[in-house]
Amino acid sequence: MTLLVSPARPGKILFLKDRCRHMLKKEFLTHHPIHNAGFTSEELLPPPGFGAVLARAGVGKTAFLVQVALHAMLNDFDVLHVSLHDPVNKIDLWYRELFINMARQSGMSRVDDMWQEIMPHRFIMTFKIDGFTVPKLEERLTDLTVQDIFHPKMIIMDGLHFDPSVREKLEALKGLAERFSVALWFTAHIHRHDGVTGGGLPVSLGPVSDLFDTLILLQPDGERIPVKMVKGPPGKMPSGRLFLDPSTLLIEKADAAEMT
Amino acid sequence: MIGHIERVRNIGISAHIDSGKTTLTERILFYTKRIHAMHDVKGKDGVGATMDSMDLERERGITIASAATYCRWRDHEINIIDTPGHVDFTIEVERSLRVLDGAVLVLCAVGGVQSQSITVDQQMKRYRVPRIAFINKVDRTGANPFRVVQQLRTKLGHNAVAMQIPIGLEGRFQGVVDLVSMKALYFEGENGETVREDAVPDSLVDEAKKYREILVDAASVFSDELTEAILEEREIPESLLNDALRKGTLSRELTPVFMGSAYKNKAVQPLLDGVVNLLPTPLEVRNEALDMGRDEIPVELASDPEKPVVALAFKLEDGQYGQLTYIRAYQGTIARGSTVVNSRTEKKVKIGRVVRMHADQMEDIEAIPAGYIGALFGVDCASGDTFTSPGTNLTMTSMFVPSPVISLAIVPKDNKAQINMSKALNRFTKEDPTFRTFVDQETNETIIEGMGELHLEIYVERMRREYGAEVTTGKPRVAYRETITQKMDFNYTHRKQTGGAGQYARIAGYLEPCGEADFLFENRITGGVIPTQFIPSCEKGFRAAMEKSPKLEFPITGVRVVINDGAFHAVDSSDMAFQTAARAAFRETFQKARPVVQEPIMKVVVETPSEFQGSAMGLLNQRRGMIIGAQDEGVLSSIEAQVPLAEMFGFSTVLRSATQGKAQFTMEFAHYRQVPQSIAEKIAEEAAQRKKSAA
C-alpha cells in the first residue's frame, strides 16, 4: 500500500515511543508544584534576571533551586549548576533524589527513560570557593557555548558567600547574565543573628538587594517551611502559595484552606 | 613465621593509577630489610620495582598483576599485596581485598581523591576492610595534604583525621610532626632510613596543637577513658590515644591519615607504625563461610590453627614449576602432606609444596596457619575455590566479578601459534575471571573478552612473550546486547513427523521486559498441561534462545518469560521437543516485542590542567559523551562524563595530542543504555556484513 501525502500539508511521522515519552514528561510537569502554582520557571525569573533563595543552613535552599532547575530541564532548557562547596557527585545526587521523590509523589513509576532524557540538560561545575572568579566562569561558559556543547538558560550559583565584598562579584555576574542571556539564581545563607531591614530582608543582603529581581525567603514556621517571596515580579507569586516539606524537601502547593 | 597471630597484619596497598603504590611498597620492603637496594618503577637503572616482576610491568611502569610479599616491622609480620591501579585490572584489586584484613589507601597530595580512589574505596567498603590513608607525593609542586583530607571527608564520606602535619611542603618538605607523640620526625641517611626525633619547630607549634586537638576530639568518640581525660584536662598518654584511634579504625568509623613522600624516602616508617598500631590482626576480623549442608547458612570462622581447615584460593599464577595457587587460610592449618577437599569439585587434594611469596621469589615453608597468606604448588583448582578439611562442607562467600565489556577477534599466524594460543587462553581464563574466550561459530574466529582495551592488549602481549603465540588481532568490538521493550504473548506448537516417533510440544505464555535480572522464568502451568518433567526443558530452551538474538546475534538480557499454557503428547513429547518449542516461541515473539540494542556506557573521568578543560570537554562531546560535570581543583580540573564505549577507542592518543600530553583519563563500566536509532542501523548493517563475509 502506498501512503499518499498531500504536498500542501506534508505528513509528519509520529514515533509512538517519543510521543509516549513526551506525554509522560507533560504529565510530570503538570504535577510539578511550581507549575501547579501557575508559574513556569521562566516566569519566576526571566533571563537575564537575578534571583536568590534566602535561608539558614540546612533549611533547603539547594533543594528548592534544584526543583526549579528540574522544572526548567523538563521544559528542555539547559541548566548550569555551579557549586562552590560540594563535589559533582553530591550535586548529582541532589538532582537524582529529588527527581525520584517528585516522581514518587506524582504516582509515576518507570521514569528512568525520562531521567536519561533530561540529564543532558544539566551541567554541574564545581569550583573551590577561594579559586572562583567571574572571568574563570565566563571562560568555562564560553568553552561550552562556542563548542556547541551546552547553552544554559539558567545558572544556579550555589555557595557564594554574601560578605561585604560580594557586590563587586555580583555586578560582574550581572554582566555575565546579560551577555549570555541567562537567569542567575543564588543560594544566600542567612544567619540566626541577622537582623531584618525595613523591607523584610536580612541585613546582610540589604546592600545588594537592589541587584536582585526576585528574592525568596525560606523561613521554617512550625512543621512546614513557607516559600515567601520578598521581592519579585509584581502580582506574580503571592506568598504562602508554596511550602517546602522539611522531611522530603519537596515543594508543595498549599491547599485553599491554608491559604485563606 | 613468628607464630603469634596477634602480631600478623594482612594488608593491601591500593589507589588511583600513578599514586605511587609500587614505589611505597618498594620503600616498605627496604626499610623492613626485605630488600637491600631500592629501584624505581621507571628508574634509570632499568631494574624496575621489586613487586613489578613481569617484564611487561617493568617496561610500561604499571602493575598488572597483584603481587604478594611479606616483611617484619617492630616484631610484627606484615603480609602485603600490591595491587594494580588501572581500572582494567580491577579484578586483581577485588580478589586482594577479599582476603585482606586491612588496607592502606594511597592518595596523591596533588591529585587528591581521584576517580579510581573512589572505585577502590567502594571495593574496600564492599569487603568491609578497615583502612588508613597515606597522602603521598607531599614534595610535589601543588601538594596540599589538608585539601586531600578534606576531600576524603567530602568525596568519600570518611571521617578522615590527620595523624601528622608536614614540615614544609613541595620542594621544602623535610619531615612530619607526629600528632600523637607531638614530636617532629626527620628522615636522614642516604635512603631516609634513620628516623631522627626532635622537638616540633616553633613555627609549627600552633598548627600542630590545632590539628592534635582535632585528632584527639575525633578519637574521643571511641573511648570513654579518653573523653574523661580530656574533660579533666589530664595529660593524654600515647597508648590511650592510639587505642581509641585503633578502635575507630577497626569499626571503619575513622580513617587516620598519614603523609609523606615515598619517592623521596620520607615518612614511610611512621606509616608502618600506623599499620602495626591501627590495622586489625586476623583475630579481629569477622570472617564468614557458607554451610553448604545447611541451606548456605553463614558460619563464623575462628582464626584457630587447630580447627578444621577453611582456606580460599584467591589467585592463580603459572609459575616455572607449574600452577601456583595463592591461599588465605581462615581457619585451621594447611600443612605439607595434608589432605583437603576442594568444596566446588568435592575432590580430595593432597598438599605438596607450600611456599611464601616475595614478588617472583619464594621460600619453602611447612604450613600456612589460620590468618596467614601463602601459596601452594601442584594443586588443580580455579580462582575463588575453597579448600576445607574432609567432612567440613563450607564455602567462602563469592567475589564480585564484573562482566566483560569489550571483545577482540584473534587469529594465530600458524599451526604452532594455534597450539600455543590455546594453552595461553586456557591459562589466562583460569587466572582471571574477567577474561573470557570463545569461538564464534559463524566466523570460526577466536574471540577474547575483557574489561578494556589495555586489559586485552596486555593478554595478547603476554601470549606472544610467555607462550610464543604470534596472533593478529581484529578491531575491538563492543559487547552490545539486546532487550525487549514491550510485553508480547506467544503460543507456539512444535510438530514434526519424520517416521518413527514424532515430536510434539505446545507452549504458551508471554515475554515482558524486566529490569531487575537478565532472565527470569516463571512457571504458571496448572492442571499438568505441560508435565512437570518438561518444565526445565522449556526454561533451557528459552535460555538457549537468549544467547543470541535472531537478527543481530547479540546476547539478549532483561526478559521475563512466563508460561501459562501448553499441550503434550503421551508418545511424541520429549525434552528435546519442548526445548525446540521454547526456542522457536522465543525467536518468533522476540521480534514482535520491540527489541532494542543496548550499548555499554562508560564513566569517563578526564583529569587535565585547567587550561585544557575546554578542549577535553570538546573531545568528550564529539564522542556522544554526556558531561555530568567539571570540577575545578585549582591547577587541575576533572571532568566526569558518560560516554559509549564504542566511541572511546583511541581516545588516549587524541586526548594526549589535544592537551600536550598533560591530561589523563580513567574509564570504567557504568551501565547499559539503548543506542540511538542511527547507530542501531549502523550496527545492524555491520552485523549483516559480518554474516555475509562469514558465509
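In this text the structure is predicted, and so the values were computed from the model without any measurement. Each chain gets a letter, A, B and so on, in the order its sequence line appears, and its residues count up from 1.
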(request) Could you tell me which portion of B/Ser610 (side chain, backbone, both or neither) has an atom closer than 4.5 angstrom to a non-hydrogen atom of chain A? (result)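 For B/Ser610, backbone and side chain are both near chain A.
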(request) Determine yes or no for a side-chain-to-main-chain donor-acceptor pair under 3.5 angstrom, with B/Gln631 supplying the side chain and A/Val88 the backbone. (result)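 Yes, the answer is positive, given that a donor and an acceptor are paired below the 3.5 Å cut-off.
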Close side-chain approach of [X] and [Y], heavy atoms under 4.5 Å:
{"X": "A/Leu144", "Y": "B/Met617", "result": "yes"}
{"X": "A/Arg140", "Y": "B/Asp632", "result": "yes"}
{"X": "A/Arg122", "Y": "B/Ile628", "result": "yes"}
{"X": "A/Asp86", "Y": "B/Thr154", "result": "no"}

Out of curiosity, [X] [atom1] to [Y] [atom2], how far, rounded to the nearest 0.5 Å?
{"X": "A/Lys136", "Y": "B/Gln613", "atom1": "NZ", "atom2": "CD", "answer": "9.0 Å"}
{"X": "B/Gln622", "Y": "A/Asp148", "atom1": "CD", "atom2": "CG", "answer": "11.5 Å"}
{"X": "B/Glu640", "Y": "A/Asp92", "atom1": "CD", "atom2": "CG", "answer": "7.5 Å"}
{"X": "A/Met119", "Y": "B/Gln642", "atom1": "CE", "atom2": "CD", "answer": "4.5 Å"}

(message) Give me the atom names and distance for the closest heavy-atom approach of B/Gly614 to A/Gln147.
(response)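 Taking every non-hydrogen atom into account, O-NE2, 2.8 Å.
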(request) Taking atom CZ of B/Arg147 as the centre, report whether more than 12 heavy atoms of other residues, nucleotides or ligands fall under 6.0 Å from it. (result)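 Count over threshold, so yes.
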(request) Flag yes if more than 12 heavy atoms outside B/Lys551 fall under 6.0 Å of its NZ atom; otherwise flag no. (result)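 For B/Lys551, atom NZ is not crowded (no more than 12 foreign heavy atoms under 6.0 Å).
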(request) Mind jotting down which residue pairs meet the ring pair (Phe, Tyr, Trp, His ring centres under 6.0 Å) criterion with at least one end in residues 590-626 of chain B? Sequence neighbours excluded, please. (result)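 For residues 590-626 of chain B: B/Phe586-B/Phe590.
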(message) Applying salt bridge (charged side-chain N to carboxylate O under 4.0 Å, His left out) as the test, list every pair that has at least one member in residues 599-617 of chain B; sequence neighbours left out.
(response)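 The answer is B/Glu599-B/Arg624.
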